[in-house]
**Student:** 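One structure follows; several queries about it will come next.
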Number of protein chains: 2
Amino acid sequence: MAEPERAGERHGFELPLLLFAGFRSLIDQLHTELAERGHPGVRPAYGFAMQAIGRDGVTASELGRRLGVTKQAAGKTVDRLAALGYAERAGDGVDARRKVVRLTPRGVDALAQSAALFEDLRAEWAATLGEERLREVEDALERVVPKSAFRLDGGAWLAG
Amino acid sequence: MAEPERAGERHGFELPLLLFAGFRSLIDQLHTELAERGHPGVRPAYGFAMQAIGRDGVTASELGRRLGVTKQAAGKTVDRLAALGYAERAGDGVDARRKVVRLTPRGVDALAQSAALFEDLRAEWAATLGEERLREVEDALERVVPKSAFRLDGGAWLAG
DNA sequence: CCTCGTTCGACAACCAGGTTTACCGTTTGG
DNA sequence: CCAAACGGTAAACCTGGTTGTCGAACGAGG
């Protein structure tokens, strides 16, 4: 009760909420903008997947390993991506079992736009907080986050 | 190329990853600890739901509104919570349509333990970063996060 | 050269969580 | 007093996962 000014005690439960809200607002803004730029169907999970496919393409099994899910789940994701025109499967001449998943030009475009938009969003934060302070936040998070949590399998985690 | 020291340029895509990783590591640690303290079955989504039920109880419809999902989805969540012994339904004497969902003592315990654990986890971060710096991170996030993103419907958002 | 183990892709059945649509019973207000 | 609004439930379906199983293709050994 001593200092009603300047947000008193910080409670433990606020921290995860703030982090999540920050993540969420970035992702929401990204997808809003992405939708206006010709990619209305992209969902957060697809972003992770396309990132994992990359410009060289991967097999479904390898994609599963990168995303931390089973090859079956990865295969289903590729199906949806393919249905939306973001990826396609092509047989591999060398190994008749393999089918390489590759991003279509449309997929590559979505990825490139996302990267640019993330830069813009970060710049907005920097405008509010100052580059200095934003940097401090990033550095702090990097110090406190175990690198084991720093992977590309967000989609899998979310679905628990 | 001027300063290879001190983590060069920060890229836009790192920010959401850092925020998510931070959130994720807190939630993972919470549930690991929770499991060791007699609540192995609790999943992140249940945490949101139990928080929304609160100590007074709510109807399924109201729960749905709080969580940002349909009443049907809320009802299913209550089913799972009830199956695990964290919540129970009771008829309301006044309005024969209503069935109030209440936390069981076990549910209340899970909620209380979670709150305590979140305090512990925040304290760990404070030990690494310093209370000062952690506070700066929290304040920065609060400034930059639109309060509209600061809701209790995380579960619904995750499932897209 | 042929077989054995491993890998890749696909299929089926299932679970968690969400959505629509639809219906029934209760409560309430014009 | 009756119709509209509200609470609960159920069915069918979607997205993302999971196991388990299977056949086809590769690769290393005998």
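Values below: every heavy atom of this structure, side chains too, minus hydrogens, waters and symmetry copies. Note on naming: letters A, B, ... go to the chains in the order of the sequence lines (proteins, then strands), and numbering restarts at 1 for each one. These numbers come from a predicted model, not from an experiment.
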**Student:** Which listed nucleotide (dT27(C), dT21(C), dG17(D)) is nearest to the side chain of V69(A)?
**Tutor:**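 Closest nucleotide among those given: dG17(D).
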**Student:** Roughly, in whole Å, what's the span from CZ in R43(A) to P in dT15(D)?
**Tutor:**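 It works out to 8 Å between those atoms.
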**Student:** With a non-hydrogen cut-off below 4.0 angstrom, is V94(A) in contact with a base, only sugar-phosphate, or nothing?
**Tutor:**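 Sugar-phosphate only.
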**Student:** With a 4.0 Å cut-off on heavy atoms, is K76(A) in touch with a base, just the backbone sugar-phosphate, or nothing at all?
**Tutor:**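 Touches a base.
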**Student:** Grab the CZ-C1' distance between F48(B) and dA16(C) for me, whole Å please.
**Tutor:**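 From F48(B) CZ to dA16(C) C1': 16 Å.
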**Student:** Angle class for the H11(A)/F13(A) ring planes (parallel below 30°, perpendicular above 60°, tilted otherwise)?
**Tutor:**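 Ring orientation of H11(A) relative to F13(A): parallel.
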**Student:** Does R80(A) put a side-chain nitrogen or oxygen below 4.0 Å from OP1 or OP2 of dG16(D)?
**Tutor:**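 Checking dG16(D) against R80(A), a side-chain N or O does come within under 4.0 Å of OP1 or OP2.
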**Student:** From dT19(D), dG9(C), dC6(D), pick the nucleotide closest to the side chain of T59(A)?
**Tutor:**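 Of all the options, the side chain of T59(A) is nearest to dG9(C).
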**Student:** Could you give the CD-to-P distance, from Q72(A) to dC11(C), as a whole number of Å?
**Tutor:**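 After rounding, the reported distance stands at 12 Å.
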**Student:** Membership question, hydrophobic clusters at under 4.5 Å side-chain separation (ILVMFWY): are V100(A) and L63(A) in the same one?
**Tutor:**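 In one cluster: no.
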**Student:** Looking at dT27(C), dC8(C), dT19(C), which one has an atom nearest to any side-chain atom of A96(B)?
**Tutor:**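 So the nucleotide nearest the side chain must be dT27(C).
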**Student:** On a heavy-atom basis, which atom in L18(B) and which in E138(A) lie closest, and how many Å separate them?
**Tutor:**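 Minimum heavy-atom contact is CD1-O, 3.9 Å.
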**Student:** So which nucleotide from dG18(C), dT20(C), dT19(D) ends up closest to the side chain of A73(B)?
**Tutor:**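 Between dG18(C), dT20(C), dT19(D), the one nearest the side chain of A73(B) would be dG18(C).
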**Student:** Among the candidates dC8(C), dA10(C), dG7(D), find the nucleotide nearest to the side-chain atoms of R98(B).
**Tutor:**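 Nearest to the side chain of R98(B) among the choices is dG7(D).
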**Student:** Base, sugar-phosphate, or nothing: which does T70(B) touch, judged by heavy atoms less than 4.0 Å apart?
**Tutor:**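 The residue T70(B) makes base contact.
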**Student:** Nearest to the side chain of K71(B), which nucleotide is it out of dG7(D), dA24(D), dG16(D)?
**Tutor:**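 From the listed options, dG7(D) comes nearest.
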